[in-house]
Amino acid sequence: MRIRDAGIEELPEIQRIENSCFGEERYPTDVLAAMIEEEGFETFLAEDEEIMGSATVNYRDELVAAQLVSIAVLPRFRGRGIARALLTEAEARVRKRGADRMVLQVSVTNVAAINLYLHQEYVLQGVIGDYYGPGKDAYFMEKAL
Ligand SMILES: CC(C)(COP(=O)(O)OP(=O)(O)OC[C@H]1O[C@@H](n2cnc3c(N)ncnc32)[C@H](O)[C@@H]1OP(=O)(O)O)[C@@H](O)C(=O)NCCC(=O)NCCS
């Protein structure tokens, strides 16, 4: 498996991953494009014969922490450690740019993602009520890098 930067030409593929991994919370195309091209964002892909998953981080010097904006693995490739590898890559990328902590939000019902973060030493900091819409709370998690 390789992990490499995403290019804007891969926007349709990233949109496909987004559509198959997220429901109403999925990002629209213009936001996904900004996450590939805008300064401060890095979007990267895990691929083998084909693209299997993607992740996005956001960090600029003026931010107090880096943020894991998105991480997703296509259903047929799950359970093989791909998200763990993408998360490790996300941490290495922002650490290289000077970040000393990573923050993220995750739905309180997303057991797979919560386990992923807990197993990678993220600490639960609190609950954000209605983060994903009415009645849809998120955990706020953080890791010192
Ligand atoms: C969450 C997600 C990214 C995990 O991807 P994955 O490649 O299957 O995860 P990995 O194989 O790297 O597993 C890493 C850890 O995640 C946890 N995990 C993954 N799938 C799980 C599941 N179905 N149930 C419980 N824990 C799970 C495990 O703790 C695992 O660690 P372990 O092997 O040490 O037990 C994937 O399920 C996904 O894309 N979901 C939809 C998008 C999403 O919810 N993204 C997170 C938004 S905050």
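We count residues from 1, following the sequence as given. Numbering of ligands and ligand atoms starts at 1, following listing order.
Using a 4.5 Å heavy-atom threshold, the side chains of Asp100 and Leu145 count as separate. You'll find the side chain of Tyr139 stays beyond 4.5 Å of the side chain of Ser107, heavy atoms only.
Using a 4.5 Å cut-off between side-chain heavy atoms of Ile, Leu, Val, Met, Phe, Trp and Tyr, Tyr132 falls into a hydrophobic cluster with Val103, Ile128, Tyr131, Phe140.
Formation of a donor-acceptor pair under 3.5 Å by the Asn58 side chain with backbone atoms of Gln67 is not found in this model.
For ligand 1, residues of the protein lying within 4.0 angstrom by heavy-atom distance are Cys21, Phe22, Ile71, Ala72, Val73, Arg78, Gly79, Arg80, Gly81, Ile82, Ala83, Arg84, Gln105, Val106, Asn110, Ala112, Ala113, Asn115, Leu116, Tyr117, His119.
Arg93 forms a cation-pi arrangement with Phe44, by the criterion of a distance under 6.0 Å to the ring centre and an angle within 45° of the ring axis.
A donor atom on one side chain and an acceptor atom on the other are found under 3.5 Å apart for Gln120 and Thr88.
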